[in-house]
Amino acid sequence: MSDATPSSFVELVGCRLPLQLAAMGGIGTPELAASVSRAGGLGTVPGRRPDDVERSVEEMRASGEGPVAISFLMPFLRRESVEVAARLADVVEFFYGEPDRELIEVAGRGGAVVGWQVGTAREATAARDAGCRLIAVQGVEAGGHLRGSQPLDVVLEQTLRVVDVPVLAAGGIGTSERVEELFDMGAVGVRIGTRFIAAAECQAHPAYVGALIGATARDTVVTEAFGADWPDAPHRVLRSALRALERFEGEVVGSIGPWQMPRASSVPPTRETEGVIEAMALYAGESVEAVHGVVPAAQIVEELVGSRSA
């Protein structure tokens with residue numbers, strides 16, 4: 001079993017508190033990530049085009065101290081973007097694909113810590129063997145796209161038995177009590193997404209945030225319905241979104257600027273999105289029942305891991 005501790009994570013990536021913001025593609029922004037980093041955690045932004053990566057890092061660096069992480073989804077990966085992230089970011093990570101040794105080497109050439117989010121202990125072992133220095137294990141309780149099908153406690157325990165690098169826990173984590181349980185199991189930190197959708201700095205559409213407030217774990221469901229541009233990839237959303245999608249009969253559900261959003265798009269609604277918001281991909285983990293209102297990101301960090309401040 002790994003003997004890593006939360007201190008090993010903060011020392012590895014250069015933050016003060018053992019919490020990482022999940023990238024949250026579509027609604028994650030440099031402003032949100034910078035707020036998490038200023039509060040002591042590890043702020044993360046999605047990796048897109050090379051110019052987007054460079055601009056995101058510049059905005060985060062300009063917003064204050066703290067490490068910068070860039071996260072890439074393997075189905076949409078651009079190698080040239082990884083090369084930019086390797087040069088500029090403190091942490092470069094990947095999700096939703098088999099660990100790739102060559103890609104990990106490229107990502108780490110500038111000295112960045114390279115990580116992989118996995119859904120099974122087998123995939124965690126592959127990531128470690130390919131050269132990753134940090135692994136995040138995702139339980140099926142997570143919102144958004146799911147890599148595995150096991151509860152977090154199970155996949156975390158199995159992973160800790162077989163890898164000796166720091167392991168983060170991800171999926172359905174919404175309270176400080178749950179965070180402490182995972183630390184007691186051996187996780188070095190937590191990766192949080194759903195709670196930060198309701199952060200004041202997040203770009204999620206107000207109707208999306210409103211749907212999260214007051215929802216419970218039972219109000220979420222795993223489906224493949226929002227797969228027009230990412231098929232055969234299970235994801236957890238609000239059950240109300242799935243029902244609204246089933247009722248929606250058009251081919252275009254909305255728009256973001258000039259871009260027409262097709263029915264069943266995997267893209268969640270931002271503040272700029274127009275259309276039938278309730279029928280879009282309203283991702284939510286089982287931790288949604290801990291979302292009670294819109295608050296600053298720093299308050300969420302403090303609530304979850306503030307007791308571990310030095």
### Query
What's in the same ILVMFWY side-chain cluster as F248, cut-off under 4.5 Å, chained through other members?
V253, I256, W259, M261, V267, V276, I277, M280
### Message
If you apply the rule side chain to side chain contact (heavy atoms under 4.5 Å, CB included), what do you find for L182 with L156, and how did you get there?
### Response
CA-CA 9 Å; L182 294 164; L156 176 62; 3.8 Å; yes
### Query
Taking atom types as modelled, is there a side-chain donor on E93 or Q20 under 3.5 Å from an acceptor on the other?
yes
### Message
Assess whether a salt bridge exists between E224 and R236, defined as any Lys/Arg side-chain N lying under 4.0 Å from an Asp/Glu carboxylate O.
### Response
no
### Message
Tell me whether the count of non-hydrogen atoms from other residues, nucleotides or ligands lying under 6.0 Å of CD in E272 goes above 12.
### Response
yes
### Query
What heavy-atom pair brings S287 and R195 nearest, and what distance separates the two atoms?
O-CD, 4.5 Å
### Message
Can you tell me how far apart OG (S255) and CD (Q260) are? Round to the nearest 0.5 Å.
### Response
5.5 Å
### Test: R161 and E157 ion pair at under 4.0 Å
yes
#### Entry: L17 to F9 - nearest heavy-atom pair and separation
O-CE2, 4.1 Å
### Query
Between V167 and V188, is any pair of side-chain heavy atoms under 4.5 Å apart?
no
### Query
Stepwise, does the side-chain hydrogen bond (donor to acceptor under 3.5 Å, both in side chains) test hold for R243 with S240?
CA-CA 5 Å; R243 290 173 176 167; S240 62; over 6 Å; no
### Query
Do M74 and V114 share a hydrophobic cluster, counting only Ile, Leu, Val, Met, Phe, Trp and Tyr and linking them when any side-chain heavy atoms are less than 4.5 Å apart?
yes
### Task
Calculate, to the nearest 0.5 Å, the distance between atoms OG1 and CD belonging to T159 and E123 respectively.
9.5 Å
### Message
Applying a strict under-4.5 Å side-chain criterion to I, L, V, M, F, W and Y, I'd like to know whether V118 and V154 cluster together.
### Response
no
#### Entry: Transitive ILVMFWY side-chain link V295 to V305, under 4.5 Å
yes
### Message
Same cluster or not: W116 versus Y96, using hydrophobic residues (I, L, V, M, F, W, Y) connected whenever any side-chain heavy atoms lie under 4.5 Å apart?
### Response
no
### Task
Report the C-alpha separation of T125 and D129 in whole Å, then their side-chain angles, then the decisive distance to 0.1 Å, and conclude whether the side chain to side chain contact (heavy atoms under 4.5 Å, CB included) test is met.
CA-CA 6 Å; T125 301; D129 291 347; 3.6 Å; yes
### Query
Which atom pair, heavy atoms only, marks the closest approach of L32 to A199?
CD1-CB, 3.8 Å
### Pairing of R128 and D164 as salt bridge, 4.0 angstrom limit
yes
#### Entry: Exercise: do T270 and Q203 side chains pair donor with acceptor under 3.5 Å
no
### Task
Please check if I300 and F183 belong to a single hydrophobic cluster, counting links between Ile, Leu, Val, Met, Phe, Trp and Tyr side chain heavy atoms closer than 4.5 Å.
yes
### Query
With a 4.5 Å limit on heavy-atom distance, are the side chains of T44 and V36 in contact?
no
### Query
Which atoms form the tightest heavy-atom contact between A33 and V45, and what is the distance?
CB-CG1, 3.6 Å
### Query
Is the shortest distance from a Lys or Arg side-chain nitrogen in E54 or R49 to a carboxylate oxygen in the other one below 4.0 Å?
no
#### Entry: Electrostatic pair E11-R16, nearest N-O below 4.0 angstrom
no
### Message
Nearest 0.5 angstrom please: T194 OG1 to M24 CE, how far?
### Response
8.5 Å
### R147 vs E98, salt bridge (charged side-chain N to carboxylate O under 4.0 Å, His left out): CA-CA, chis, key distance, verdict
CA-CA 10 Å; R147 185 64 179 169; E98 285 296 314; 3.6 Å; yes
### Minimal non-hydrogen separation, G47 against V53, with atom names
CA-CG2, 4.1 Å
### Query
Ion pair present between R78 and D52, side-chain N to carboxylate O less than 4.0 angstrom?
no
### Task
Find out whether P151 and E141 are in side-chain contact, i.e. whether some heavy atom of one side chain is under 4.5 Å from a heavy atom of the other.
yes
### Query
Atom CD1 in I173, atom CD in E181: separation rounded to 0.5 Å?
10.5 Å
### Side-chain heavy-atom pair F72, V92 within 4.5 angstrom cut-off
yes
### Task
Walk me through it: do L19 and L42 pass the test side chain to side chain contact (heavy atoms under 4.5 Å, CB included)?
CA-CA 6 Å; L19 179 148; L42 174 60; over 6 Å; no
### Query
When you check the gap from the basic side-chain N to the acidic O, do R38 and E65 get nearer than 4.0 Å?
no
### Message
When you compare the side chains of Q117 and R191, does any donor N or O come within less than 3.5 Å of an acceptor on the partner?
### Response
yes
### Task
Please round to the nearest 0.5 Å and tell me the distance separating atom CG of L212 and atom CG of L282.
7.5 Å
### Message
Can you confirm whether V82 sits close enough to L77 that some side-chain heavy atom of one is under 4.5 Å from a side-chain heavy atom of the other?
### Response
yes
### Message
Salt bridge check, E83 against R79: does any charged N sit closer than 4.0 Å to a carboxylate O?
### Response
yes
### Message
So H235 and L146, do their side chains get closer than 4.5 Å, heavy atoms only?
### Response
no
### Task
Decide yes or no for V237 and V221: does some side-chain heavy atom of the first lie under 4.5 Å from some side-chain heavy atom of the second?
yes
### Task
Determine, stepwise, if the pair L168 / L134 fulfils side chain to side chain contact (heavy atoms under 4.5 Å, CB included).
CA-CA 8 Å; L168 294 169; L134 181 66; 4.2 Å; yes
### Query
Quick one: are C202 and Y208 in side-chain contact, heavy atoms under 4.5 Å?
no
## Note on the structure
d(E251 CD, R263 CZ) to nearest 0.5 Å is 7.5 Å
### Message
For a quick test of reading the model, state the closest non-hydrogen atom pair linking T220 to A284 and the distance between them.
### Response
CG2-O, 3.7 Å
### Query
Any ion pair linking E286 and R178 (charged N to carboxylate O, less than 4.0 Å)?
no
### Task
Please work out which of the three classes, parallel, tilted or perpendicular, describes the rings of W230 and H145, given edges at 30° and 60°.
parallel
